[in-house]
Amino acid sequence: MIVAFRHELHENPELSGCETETKQRLMRFIREHTGLAVCDQGKWVYAYYEPEKKTDARPIAFRADMDALPMPEAIDLPWGSRRQGAAHKCGHDGHSSVLAWLALRLEGDAAIRRPVYLIFQSAEETGRGGRDCAQFIREQGIGEVYAFHNLSGYPEGAVMVRDRLSQCASKGLTVSFEGRRSHASAPEDGISPVPAASQLALFACGKKEWRGMAPSGKTLLCTVIDLLVGTKDFGISPGSGEVSFTLRADFENEMEDMQRQIESEAERLAGQYGLRVRFAEADPFPETVNDPRCAEKVRAAARSLGLTLAPMDRPWRASEDFGWYTKVCPGAIFYIGNGMDWPMPHQPEYDFNDRILTTAADLFCRLAERKQIN
């Protein structure tokens with residue numbers, strides 16, 4: 001049943017902030033198969049389970065994301081995306097299916113003696129969905145929160161979880177230069193942004209310590225993702241241009257230091273060439289920091305299920321807005337291996353590995369059964 005439901009979600013992907021139909025499918029599935037309360041929160045939805053026999057333990061929450069990526073379906077799947085330019089190439093269809101399956105298992109599990117919240121979150125890919133859900137976590141007095149992500153390059157079904165820093169902070173930064181356009185035959189009559197934009201990109205690319213691993217061992221990464229100046233109109237010298245960066249670091253303060261350096265250099269170049277400059281941010285993600293007690297609880301649950309625990313020596317560079325949750329509540333995100341040679345999320349060849357659905361649901365169930373952290 002749950003594999004078929006995962007395939008249904010995969011066939012009908014929706015982009016970040018537009019998951020209206022996905023949310024309706026999830027609500028309908030849970031209402032048809034369980035007696036859980038299902039609460040529509042607009043952009044997102046949660047299901048709530050309260051056992052008849054319960055202790056005084058605070059509620060536990062589990063979170064899944066449900067948005068797809070703006071990518072075409074590049075592989076031939078019987079359950080391939082039916083929507084042009086959208087596909088579940090990160091596995092959120094699998095994450096949501098696992099949580100829907102957990103909903104079906106809660107009522108029959110007498111070992112669960114505390115309230116359980118199942119949160120289906122919007123807009124994880126843009127970093128915009130987690131903050132509202134994190135506020136809900138705080139308001140409900142939830143004691144701990146968990147999530148999982150599928151991860152390639154690790155043995156299929158293996159479980160990885162880190163103490164403390166688990167995924168990096170990141171954000172998008174666009175620097176726009178405004179000058180004055182002129183005829184290409186008289187560039188001296190205008191003010192071109194070409195020198196400033198190109199030199200700013202070279203400034204960022206020339207920072208050796210921003211190429212991934214700083215000498216300190218920390219992640220510092222600045223990626224130029226767009227450089228746009230003018231058009232292919234050979235009669236015009238451009239008057240505007242922009243450079244966009246993805247900034248990534250272990251922690252937000254380190255990322256913000258990179259941003260300050262780029263903005264300072266941009267202002268210097270704007271002054272040198274007589275340009276106006278402005279800055280815009282996009283897709284901000286905090287670092288995701290696991291509570292060591294929650295991480296250990298994941299390990300204990302995995303051991304009790306006979307699952308393989310694999311080491312994860314470095315944080316995953318990719319950002320994850322589960323970091324908003326762990327800012328307000330003890331929690332942990334863990335990872336389940338897709339297989340050593342399985343395509344990485346965000347690659348065109350990727351599809352969620354259905355064989356790990358059971359692993360994730362079993363772990364969530366076991367975490368719900370166990371005593372709250374002290």
Problem set entry | Pairwise distance CD(Glu50) to OH(Tyr117) - rounded to 0.5 angstrom | 8.0 Å
Problem set entry | Distance-only side-chain donor-acceptor flag, Tyr350 / Asn150, under 3.5 Å | yes
For this session: Mark yes when over 12 heavy atoms from residues, nucleotides or ligands other than Arg131 sit less than 6.0 Å from its CZ; otherwise mark no.
Result: no
Exercise. Is there a donor-acceptor contact under 3.5 Å linking the side chains of Tyr46 and Gln140?
Worked result: no
Exercise. Of all residues at least two apart in sequence or in a different chain, which pass the side-chain hydrogen bond (donor to acceptor under 3.5 Å, both in side chains) check with Gln272?
Worked result: Arg268
Exercise. Considering all heavy atoms of both residues, which atom of Asp163 and which atom of Ala295 are nearest to each other, and what is their separation?
Worked result: OD1-CB, 3.3 Å
Problem set entry | Side-chain H-bond candidate by donor/acceptor type, Glu107 with Tyr49, under 3.5 Å | no
For this session: Quick one: pull up SG in Cys365 and CG in Asp109 and give me the separation to the nearest 0.5 Å.
Result: 5.0 Å
Exercise. Are Phe29 and His33 near enough that their ring centres are under 6.0 Å apart?
Worked result: yes
For this session: Please check if any side-chain donor atom of Asp93 sits under 3.5 Å from a side-chain acceptor atom of His7, or the reverse.
Result: no
For this session: Check the side chains of Asn12 and Glu8 for a donor-acceptor pair under 3.5 angstrom, ignoring hydrogens and angles.
Result: no
Exercise. Under 3.5 Å, is there a donor-acceptor pair between the Glu156 and Asn338 side chains?
Worked result: no
Seminar exercise, completed: Rounded to the nearest 0.5 Å, the NE2 atom of His346 sits from the NZ atom of Lys89 at a distance of 11.5 Å
Exercise. Do Trp44 and Leu26 sit in the same hydrophobic cluster, where Ile, Leu, Val, Met, Phe, Trp and Tyr count as joined when their side-chain heavy atoms come under 4.5 Å apart?
Worked result: no
Listing, residues 300-308 side-chain donor-acceptor contacts under 3.5 Å, not counting sequence neighbours, or none:
residue	atom	partner	partner atom	Å
Arg303	NH2	Glu296	OE2	2.8
Ser304	OG	Ala301	O	2.7
Ser304	OG	Arg366	NH1	2.7
Ser304	OG	Arg370	NH2	3.3

Problem set entry | Option passing salt bridge (charged side-chain N to carboxylate O under 4.0 Å, His left out) with Glu144 (candidates Arg63, Arg58, Arg114) | Arg114
Exercise. Under 6.0 Å between ring centres, would you say that holds for Phe352 and His10?
Worked result: no
Exercise. Quick one: does Leu77's side chain get under 4.5 Å of Asp351's, heavy atoms only?
Worked result: yes
Exercise. Once you round to the nearest 0.5 Å, how far does CG of Leu221 lie from SG of Cys168?
Worked result: 8.5 Å
For this session: May I ask you to check whether Thr22 and Glu14 show a side-chain donor-acceptor distance below 3.5 Å?
Result: yes
Exercise. Is the shortest side-chain N to carboxylate O distance from Asp132 to Lys43 below 4.0 Å?
Worked result: no
Exercise. Would you call Asp250-Arg164 a salt bridge at under 4.0 Å N-O?
Worked result: no
Exercise. Hey, what do you get for CZ (Arg180) to OG (Ser240), rounding to the nearest 0.5 Å?
Worked result: 13.5 Å
Exercise. Which atom pair, heavy atoms only, marks the closest approach of Gly94 to Leu357?
Worked result: O-CD2, 3.8 Å
Exercise. Does one hydrophobic cluster hold both Phe334 and Ile119, with members joined at side-chain heavy-atom distances below 4.5 Å?
Worked result: no
Exercise. In terms of hydrophobic clustering (I, L, V, M, F, W, Y; side-chain heavy atoms under 4.5 Å; direct or indirect links), are Leu104 and Val38 co-clustered?
Worked result: yes
Exercise. So, does Ser182 use its side chain to make a donor-acceptor pair with the main chain of Asp189 at under 3.5 Å?
Worked result: no
Problem set entry | Heavy atoms of other groups near Gln84 CD, more than 12 under 6.0 Å | no
Exercise. Are side-chain heavy atoms of Cys133 and Trp324 found at a separation under 4.5 Å?
Worked result: no
Exercise. After noting the C-alpha distance and the side-chain angles of Ser122 and Glu19, does the key distance pass the side-chain hydrogen bond (donor to acceptor under 3.5 Å, both in side chains) rule?
Worked result: CA-CA 7 Å; Ser122 169; Glu19 305 96 325; 2.8 Å; yes
Exercise. Any side-chain heavy atom of Arg83 within less than 4.5 Å of one from Glu21?
Worked result: yes
Exercise. Are there more than 12 heavy atoms of other residues, nucleotides or ligands under 6.0 Å from atom CZ of Arg211?
Worked result: yes
Exercise. Cut-off 3.5 Å, side chains only: do Glu265 and Gln261 have a donor facing an acceptor?
Worked result: no
Problem set entry | Thr219 and Arg314 side chains, donor-acceptor separation under 3.5 Å | yes
For this session: Give the intermediate values and the outcome of side chain to side chain contact (heavy atoms under 4.5 Å, CB included) for residues Leu173 and Ile262.
Result: CA-CA 9 Å; Leu173 173 66; Ile262 290 172; 4.0 Å; yes
Exercise. Below 6.0 angstrom between ring centroids: does that apply to Phe285 and Phe322?
Worked result: no
Exercise. Below 4.5 Å, heavy atoms only, C-beta onward: do Phe245 and Thr223 meet side chain to side chain?
Worked result: no
For this session: Can you measure from CG (Leu36) to CG (Leu102) and round to the nearest 0.5 angstrom?
Result: 9.0 Å
Exercise. If you measure only the distance, is there a donor-acceptor pair under 3.5 Å linking the side chains of Glu242 and Thr174?
Worked result: no
For this session: Identify the heavy atoms of Leu247 and Met255 that sit nearest to each other, and give their distance.
Result: O-SD, 3.6 Å
Exercise. Does one side chain, of Gln121 or Tyr325, offer a donor that lies under 3.5 Å from an acceptor on the other?
Worked result: yes
Problem set entry | Full working for ring pair (Phe, Tyr, Trp, His ring centres under 6.0 Å) between Tyr273 and Phe177 | CA-CA 10 Å; Tyr273 292 105; Phe177 292 106; 8.8 Å; no
Exercise. Are Leu69 and Leu15 connected in the hydrophobic side-chain network, where two residues link if heavy atoms are under 4.5 Å apart?
Worked result: no
Problem set entry | Arg105 with Asp362: basic N within carboxylate O range, under 4.0 Å | yes
Problem set entry | Nearest heavy atoms of Pro330 and Gly143, plus distance in Å | CD-O, 3.7 Å
Problem set entry | Taking every non-hydrogen atom, the tightest pair across Cys39 and Val45 | O-CG2, 3.2 Å
Exercise. Is there a chain of hydrophobic side chains (I, L, V, M, F, W, Y, each step under 4.5 Å between heavy atoms) that links Phe364 to Met1?
Worked result: yes
Exercise. Does CG in Asp341 sit with more than 12 non-hydrogen atoms of other residues, nucleotides or ligands closer than 6.0 Å?
Worked result: no
Exercise. Is Lys171 salt-bridged to Asp283, going by a charged N under 4.0 Å from an acidic O?
Worked result: no
Seminar exercise, completed: Closest heavy-atom pair, Ser319 versus Arg248, reported as atoms and distance to 0.1 Å, is OG-NH1, 3.2 Å
Exercise. Near Glu188 CD, under 6.0 Å, is it more than 12 heavy atoms from other residues, nucleotides or ligands?
Worked result: yes
Exercise. When you look at Ser16 and Asp67, which way does the side-chain hydrogen bond (donor to acceptor under 3.5 Å, both in side chains) test go after all the steps?
Worked result: CA-CA 5 Å; Ser16 301; Asp67 51 333; 2.6 Å; yes
